[in-house]
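One structure coming up, written as structure tokens, with questions to follow.
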Amino acid sequence: MRTIEHWIGGRPSNPGSSRTSPVWNPATGAQQAEVLLASAADVNDAVALARTAFDGWSQTSLSARTKILFRFHHLVETNMDRLAAAITDEHGKVLSDAHGEVQRGLEVVEFACGIPQLLKGDYSDQVSSGVDVFSFREPLGVVAGITPFNFPAMVPMWMFPVAIACGNTFVLKPSERDPSASLLLAELWAEAGLPEGVFTVVHGDKEAVDAILDHPDIAAVSFVGSTPIARYIHHRASDNGKRVQALGGAKNHAIILPDADLDFASDHLVAAAFGSAGERCMAISAAVAVGRSGDALVEAVNAKARAIVVGSGRDAASEMGPVVSPVARDRIISLIDAGERQGGQVTVDGRGLVVPDHEDGFFVGPTVIDGVTPQMDCYTEEIFGPVLSVLRSDDIDEAIALINANPYGNGTAIFTSSGEAARRFQRGVKVGMIGINVPVPVPMAYYSFGGWKDSLFGDKHVHGPEGVSFYTRAKVVTSRWPQPSEASLAAFQFPTAR
């Protein structure tokens with residue numbers, strides 16, 4: 001049985017703890033590896049090395065940092081097939097989706113390569129007689145990322161390229177369900193010339209997480225995961241004086257107006273609901289059919305959902321793979337059961353799907369539940385699986401009110417040919433990311449990603465300009481270089497400009 005180790009001090013490491021967790025192949029249902037789980041002492045040792053590395057890395061020139069970032073970008077690009085294969089084998093998503101994940105992560109590396117421009121400060125000359133003011137930003141120190149299973153490469157790459165480019169050292173605690181991608185990225189950092197200790201990977205469970213949240217030498221924590229855990233991490237890390245950005249769960253809606261192109265809308269709804277088996281924080285899980293659009297929309301979505309090819313992520317013919325674990329599969333099925341029991345009509349049923357030659361895999365087929373109301377469990381819960389709930393509303397204002405009443409505020413979309421309706425939607429809906437005829441509105445890397453309400457705890461979104469702000473702090477310098485012959489002009493009252 002292969003053992004997946006930590007990455008500490010620039011190399012694979014097995015520092016002490018003998019606890020392990022199984023790593024499954026979701027398509028076959030077989031255990032393929034075990035991953036070490038760090039103890040609090042292991043985390044302490046890793047952070048100590050990262051703290052030592054910070055002293056040198058934070059003083060490294062922007063030019064030298066950028067050269068390493070460019071080399072890292074090239075290495076990730078040339079090793080994309082290896083990364084995608086590791087993601088598919090441990091997460092289950094199809095290879096094309098895994099390639100897309102790595103590519104979106106690379107876009108953040110590209111953004112971070114512009115760090116000399118991003119860290120430029122301000123300068124004001126002669127603000128008072130002989131006095132100048134300028135500002136610049138400095139790194140925080142050791143920062144940490146705690147990342148989820150659904151994007152084992154992309155979500156860490158939302159965080160560490162910006163943090164490292166800004167001069168911090170980074171400790172990553174990836175999901176123990178699919179840990180191999182993080183180690184491949186660590187190897188590529190080392191090959192790119194990143195100094196030892198600047199990038200660290202510690203695998204683990206709650207013991208490792210709590211050690212990170214409590215460690216006095218960790219200055220900031222970034223997290224993506226469920227809302228209950230995001231709330232816990234924000235509270236505990238904040239109480240320990242850390243900066244925190246904790247992205248939580250989602251219930252992403254798509255409004256479909258009667259004037260929308262039905263074929264276009266249904267194509268994109270199916271892709272957004274069932275891509276990556278619905279295990280995306282930006283997946284569309286609730287379609288709100290407005291007015292007369294409902295029946296025709298459900299008919300079109302049903303036909304396209306039934307046509308999806310489900311199978312192993314390694315099979316080039318597969319459009320959708322398994323979910324990540326048997327626990328996830330059973331939870332998804334229980335919520336479909338609840339939706340049916342509470343009055344929903346299961347018009348496409350993915351329960352009991354068996355894929356030939358993969359009978360032990362963790363598969364749930366595409367599922368559509370019509371007639372869903374906001375009181376049903378399949379609506380109130382974040383299912384995180386290939387399930388699309390269809391709700392009905394009389395008009396766009398009722399649909400907007402439905403979205404705004406939901407506790408989550410991550411992403412939402414509208415399908416329409418009306419500019420007026422789109423503008424009313426984008427101004428009226430209370431979420432962080434909006435798509436107009438775009439069902440998965442993940443912003444480009446030079447914008448920042450994040451939601452509102454129970455989808456975000458903390459005041460900074462990830463990557464983009466807010467990422468740079470999160471991983472740095474500002475200094476403002478007021479300076480005077482008087483001529484020796486001048487009077488000092490010192491005074492006991494509060495200083496004012498002259």
Side-chain angles (χ1 to χ4, degrees), residues 26 91-94 97 148-150 226-227 249-256 265-289 294 297-310 318-355 361-392 402-403 406-408 410-413 439-440:
H91 174 274
K93 65 178 65 175
V94 299
D97 194 25
F149 73 85
N150 59 325
S226 69
T227 286
K251 197 70 180 181
N252 303 314
H253 300 70
I255 292 177
I256 302 89
S266 57
D267 270 349
H268 285 274
L269 269 180
V270 167
F274 305 126
S276 198
E279 292 176 320
R280 294 172 175 164
C281 65
M282 290 292 286
I284 293 295
S285 58
V288 185
L297 176 72
V298 171
E299 183 179 352
V301 166
N302 286 349
K304 293 172 181 180
R306 293 190 184 103
I308 293 172
V309 179
V310 182
S318 297
E319 297 172 302
M320 191 185 100
V323 297
V324 73
S325 70
V327 173
R329 176 197 59 202
D330 294 347
R331 180 179 180 275
I332 293 163
I333 290 171
S334 73
L335 286 166
I336 299 170
D337 292 343
E340 187 173 45
R341 188 171 59 250
Q342 293 167 350
Q345 296 84 52
V346 180
T347 57
V348 180
D349 195 343
R351 294 170 291 187
L353 174 68
V354 176
V355 174
F362 312 142
F363 290 95
V364 181
T367 300
V368 180
I369 309 177
D370 193 13
V372 172
T373 67
Q375 294 74 38
M376 294 181 182
D377 291 347
C378 62
Y379 178 79
T380 58
E381 295 288 325
E382 184 183 20
I383 299 177
F384 223 63
V387 181
L388 178 65
S389 299
V390 181
L391 298 88
R392 310 294 181 106
L402 173 71
I403 295 171
N406 193 277
Y408 297 114
N410 204 46
T412 191
V440 184

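Counting begins at 1 with the first residue of the sequence.
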Point to revise | 4.5 Å side-chain heavy-atom contact, Met320 and Pro366 | key: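 Yes, their side chains come closer than 4.5 Å.
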
Practice item. Under the side-chain hydrogen bond (donor to acceptor under 3.5 Å, both in side chains) rule, collect the residues that match up with Arg331, sequence neighbours excluded. Key: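 By the side-chain hydrogen bond (donor to acceptor under 3.5 Å, both in side chains) rule, Arg331 matches Glu381.
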
Exercise for review: Mind checking ring pair (Phe, Tyr, Trp, His ring centres under 6.0 Å) for Phe384 and listing every partner two or more places apart, or none if nothing turns up?
Suggested key: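 Result, ring pair (Phe, Tyr, Trp, His ring centres under 6.0 Å) vs Phe384: Phe149.
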
Check your understanding: Can you list the residues that meet the side-chain hydrogen bond (donor to acceptor under 3.5 Å, both in side chains) rule with Asp349, with sequence neighbours excluded?
Key ->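 Asp349: side-chain hydrogen bond (donor to acceptor under 3.5 Å, both in side chains) contacts with Arg351.
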
Practice item. Under the side-chain hydrogen bond (donor to acceptor under 3.5 Å, both in side chains) rule, collect the residues that match up with Thr227, sequence neighbours excluded. Key: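 Thr227 satisfies side-chain hydrogen bond (donor to acceptor under 3.5 Å, both in side chains) with no residue once adjacent residues are dropped.
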
Review point. What's the spacing between Ser389 OG and Leu335 CG if we round to 0.5 Å?
Key: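 Interatomic distance, Ser389 OG to Leu335 CG, rounded to 0.5 Å: 9.5 Å.
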
Point to revise | Gap between atom CD1 of Ile255 and atom CG of Leu391 - 0.5 Å precision | key: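 So the CG of Leu391 and the CD1 of Ile255 are separated by 11.0 Å.
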
Check your understanding: Should Ile332 and Val323 count as side-chain neighbours, where that means a heavy-atom distance under 4.5 Å?
Key ->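 They are in side-chain contact.
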
Check your understanding: Cut-off 3.5 Å, side chains only: do Thr347 and Asp370 have a donor facing an acceptor?
Key ->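 Asp370 and Thr347 do not have a side-chain donor-acceptor pair below 3.5 Å.
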
Exercise for review: Under the side chain to side chain contact (heavy atoms under 4.5 Å, CB included) rule, what do Arg392 and Val298 come out as? Steps first, then yes or no, please.
Suggested key: CA-CA 11 Å; Arg392 310 294 181 106; Val298 171; 3.9 Å; yes

Practice item. Identify the two heavy atoms, one from Val270 and one from Ala305, that lie closest to each other, and give their separation to 0.1 Å. Key: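 Closest approach of Val270 to Ala305: CG2-N, 4.3 Å.
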
Practice item. Taking the six-membered ring for Trp and the single ring otherwise, decide whether the centroids of His253 and Tyr379 are under 6.0 Å apart. Key: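 Close enough - the centres of the two rings lie under 6.0 Å apart.
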
Point to revise | Minimal non-hydrogen separation, Gly294 against Ala289, with atom names | key: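 Smallest interatomic distance, heavy atoms only, reads CA-CB, 3.5 Å.
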
Identify all side-chain donor-acceptor contacts of residues 278-286 below 3.5 Å with residues at least two apart in sequence or on another chain.
unit_1, atom_1, unit_2, atom_2, d
Glu279, OE1, His91, NE2, 3.3
Glu279, OE2, Val324, N, 3.1
Arg280, NH2, Asp97, OD1, 3.2

Practice item. Please report the shortest heavy-atom distance between Ala413 and Pro439, naming the atom on each side. Key: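 Closest approach of Ala413 to Pro439: CB-CA, 3.9 Å.
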
Exercise for review: Please list, chain by chain and in numerical order, all residues satisfying side-chain contact (heavy atoms from CB on, under 4.5 Å) with Pro407, sequence neighbours excluded.
Suggested key: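 Pro407 satisfies side-chain contact (heavy atoms from CB on, under 4.5 Å) with Asp454 once adjacent residues are dropped.
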
Review point. What distance do Thr367 atom OG1 and Ile383 atom CD1 have between them, rounded to the nearest 0.5 Å?
Key: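 Reported value, rounded in 0.5 Å steps: 9.0 Å.
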
Review point. Got a sec: does the CD of Glu299 have more than 12 other heavy atoms crowding it under 6.0 Å?
Key: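 No, CD of Glu299 has 12 or fewer neighbouring heavy atoms, counting only those of other groups under 6.0 Å.
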
Practice item. Could you walk me through whether Val346 and Val368 pass side chain to side chain contact (heavy atoms under 4.5 Å, CB included), step by step? Key: CA-CA 6 Å; Val346 180; Val368 180; over 6 Å; no

Practice item. Please identify each residue that fulfils side-chain hydrogen bond (donor to acceptor under 3.5 Å, both in side chains) with Thr380, with sequence neighbours left out. Key: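 side-chain hydrogen bond (donor to acceptor under 3.5 Å, both in side chains) list for Thr380, sorted by chain: empty.
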
**Study point:** Step-by-step side chain to side chain contact (heavy atoms under 4.5 Å, CB included) determination, Val310 to Ser318
**Key:** CA-CA 5 Å; Val310 182; Ser318 297; over 6 Å; no

Review point. Salt bridge (Lys or Arg N to Asp or Glu O under 4.0 Å) with Arg329: which residues, sequence neighbours excluded?
Key: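 Residues passing salt bridge (Lys or Arg N to Asp or Glu O under 4.0 Å) with Arg329: none at all.
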
Practice item. Output yes when a side-chain donor or acceptor of Gln342 lies under 3.5 Å from a complementary backbone atom of Met376, and no otherwise. Key: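 It does not hold such a pair.
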
Review point. For the atom pair OG1 (Thr412) and CG (Leu402), what is the distance rounded to the nearest 0.5 Å?
Key: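 It is 9.5 Å, given to the nearest 0.5 Å.
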
Exercise for review: Kindly indicate, with the supporting measurements, whether the criterion side chain to side chain contact (heavy atoms under 4.5 Å, CB included) is fulfilled by Glu340 and Ile369.
Suggested key: CA-CA 8 Å; Glu340 187 173 45; Ile369 309 177; over 6 Å; no

Practice item. Measure the CD-CG distance between Glu382 and Asn252 for me, rounded to the nearest 0.5 Å. Key: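 Atom-to-atom, Glu382:CD and Asn252:CG are 8.0 Å apart.
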
Check your understanding: For Ala273, which residues count as a side-chain contact (heavy atoms from CB on, under 4.5 Å) partner, sequence neighbours excluded?
Key ->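 In terms of side-chain contact (heavy atoms from CB on, under 4.5 Å), with neighbours along the sequence ignored, Ala273 is linked to Leu388.
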
Check your understanding: Taking all non-hydrogen atoms of both residues, which atom of Gly92 and which atom of Pro322 are closest, and how far apart?
Key ->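 Scanning both residues completely, I find the closest heavy atoms to be O-CD, 3.3 Å.
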
Review point. Could you give the distance from CZ (Phe274) to CG (Leu269), rounded to the nearest 0.5 Å?
Key: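 Separation between the atoms: 9.0 Å.
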
